[in-house]
Amino acid sequence: MTTNPMHHSRYRLVRLLLFVGCITAFTCPTYAQDVPPTTTHPANVQDSIAHPQLPQLHANDSIATITTSLIDSIIAEARKHLGKRYVHATAGPNTFDCSGFTSYVFSRFGYSLSRSSSHQHTQGKAVKRSDIQPGDLIFFQGRTAQRVGHVGLCISVDPERHSFKFIHAATSRGIVINDFATSGYYIRRYVAAKRIVGVLPRKMKNGHVVQPTQETPLPTDTIPSEHEGEKAATQNHNKAVHTNKTAR
């Protein structure tokens with residue numbers, strides 16, 4: 001039996017077309033499946049993901065809301081250390097002097113403050129006593145008149161009483177909270193207030209707080225505690241009275 005060459009060629013052509021058709025069916029892209037959906041994220045939401053240790057932020061949060069949240073976190077950190085001992089020239093985490101306490105608390109949030117109350121007094125933005133807000137630093141005279149020697153952190157304000165409460169490291173009582181309005185000792189020694197949050201830059205890297213290097217403390221934080229100060233004043237008064245009597 002003789003095979004027709006034309007029939008054989010057509011048969012091969014049909015097989016070739018079927019093969020090409022099958023390959024095309026499996027390899028041609030389906031664009032509706034291959035194109036991924038476009039997803040956009042508000043900038044603030046992405047920032048909150050990159051800053052897991054910071055308060056959760058939202059796209060519609062205002063600067064005031066973010067600042068308030070940060071100040072609340074700073075005050076909460078300060079309160080954690082209530083009752084810890086005062087030790088001169090220490091900056092935590094178990095003992096503090098006054099500037100060591102404020103510099104430690106703010107360093108937890110990326111702020112670099114000096115290790116001297118007199119030098120901290122040169123940092124930040126000055127605010128009037130009537131404009132003091134939570135998160136502001138409060139400065140007082142030391143044993144040397146007219147010289148800053150003590151610092152505390154405002155934690156709340158009382159507009160009706162024109163007063164505020166502040167947390168600080170007192171030499172005889174450690175980390176305590178005082179009400180400014182009821183403390184004649186600190187009222188007499190008040191010098192100024194400074195704003196740090198929203199003024200000084202924060203040290204951040206890849207969305208995380210960078211802990212500033214602790215400086216060597218300077219021997220300027222020499223304010224006695226409230227009780228020591230009142231005792232010293234009484235002793236000086238009694239000494240003066242005794243001297244006058246002797247002179248007579």
Side-chain angles (χ1 to χ4, degrees), residues 41-82 84 86-127 131-140 148-156 166-169 175 191-221:
H41 298 281
N44 284 352
V45 174
Q46 289 189 351
D47 287 343
S48 69
I49 295 173
H51 298 68
Q53 80 280 15
L54 300 178
Q56 190 71 22
L57 306 180
H58 302 282
N60 60 347
D61 281 346
S62 66
I63 294 177
T65 299
I66 296 171
T67 300
T68 299
S69 181
L70 176 58
I71 291 172
D72 289 344
S73 297
I74 291 173
I75 292 173
E77 172 66 29
R79 285 180 173 273
K80 290 180 182 178
H81 304 285
L82 279 169
K84 290 186 177 180
Y86 177 101
V87 176
H88 180 64
T90 59
N94 299 315
T95 60
F96 301 91
D97 65 10
C98 66
S99 61
F101 176 62
T102 51
S103 64
Y104 175 85
V105 169
F106 275 90
S107 74
R108 306 295 289 173
F109 300 89
Y111 291 100
S112 181
L113 296 184
S114 171
R115 274 292 285 112
S116 160
S117 59
S118 61
H119 285 192
Q120 286 184 17
H121 179 238
T122 67
Q123 298 179 277
K125 177 184 177 181
V127 294
D131 295 331
I132 289 174
Q133 295 294 326
D136 292 344
L137 293 179
I138 314 299
F139 295 92
F140 303 91
V148 171
H150 190 62
V151 60
L153 170 66
C154 175
I155 60 172
S156 65
F166 62 101
I167 186 170
H168 62 124
I175 307 300
V191 175
K194 286 295 188 74
R195 185 151 299 156
I196 302 300
V197 178
V199 178
L200 293 187
R202 301 174 66 199
K203 294 187 177 181
M204 308 289 290
K205 184 177 181 180
N206 297 327
H208 296 275
V209 170
V210 177
Q211 299 292 332
T213 302
Q214 290 289 342
E215 300 176 4
T216 302
L218 302 176
T220 58
D221 302 325

TODO: Can you see which heavy atom on C154 is nearest to which on I132, and at what distance?
DONE: SG-CG2, 3.7 Å

Task: Taking every non-hydrogen atom, the tightest pair across C98 and G149 - done: SG-O, 4.2 Å

Task: Plane angle bin for F166 and F140 - parallel if under 30°, tilted between 30 and 60°, otherwise perpendicular - done: tilted

Task: Between NZ on residue K80 and CD1 on residue I175, distance to nearest 0.5 Å - done: 14.5 Å

TODO: Compare every heavy atom of H168 with every heavy atom of G152, then report the nearest pair and how far apart it is.
DONE: CA-CB, 3.8 Å

Open item on the list: Given 3.5 Å as the limit, does a donor-acceptor pair link the side chain of T90 with the main chain of Y86, or not?
Closed with: no

Task: Contact check, side chains of I196 and T102, non-hydrogen atoms, under 4.5 Å - done: no

Open item on the list: Are the side chains of F106 and L200 in contact, using a 4.5 Å heavy-atom criterion?
Closed with: no

Task: Pair S114, S116: side-chain N/O donor-acceptor within cut-off below 3.5 Å - done: no

Task: Contact check, side chains of Q123 and L137, non-hydrogen atoms, under 4.5 Å - done: no

Task: Side-chain heavy atoms of V197 within contact of Y111, under 4.5 Å - done: yes

Task: Any side-chain heavy-atom pair of V105 and I167 under 4.5 Å - done: no

- [ ] Please examine the side chains of Q120 and K194, heavy atoms only from C-beta on, and report whether any two atoms are closer than 4.5 Å.
- [x] no

Task: Shortest non-hydrogen contact between H121 and A192, atoms and distance - done: NE2-CB, 3.7 Å

- [ ] Of all the heavy-atom pairs spanning I71 and P134, show the shortest one and how long it is.
- [x] CG2-O, 3.4 Å

TODO: Using modelled atom types only, decide if a donor and an acceptor are shared between the side chain of K84 and the backbone of A169 within a distance under 3.5 Å.
DONE: no

Open item on the list: Can you tell me how far apart CZ (F109) and CD (E77) are? Round to the nearest 0.5 Å.
Closed with: 5.5 Å

Task: Spacing of D72 atom CG and I155 atom CD1 [to the nearest 0.5 Å] - done: 11.5 Å

Task: Straight-line distance of I74 CD1 to R108 CZ, nearest 0.5 Å - done: 12.5 Å

Task: Heavy-atom pair with the smallest gap, counting every atom of G100 and R115 - done: N-NH1, 3.0 Å

TODO: Enter the distance from I75:CD1 to L70:CG here, rounded to the nearest 0.5 Å.
DONE: 10.0 Å

Task: From NE2 (H81) to CZ (F101), nearest 0.5 Å - done: 6.5 Å

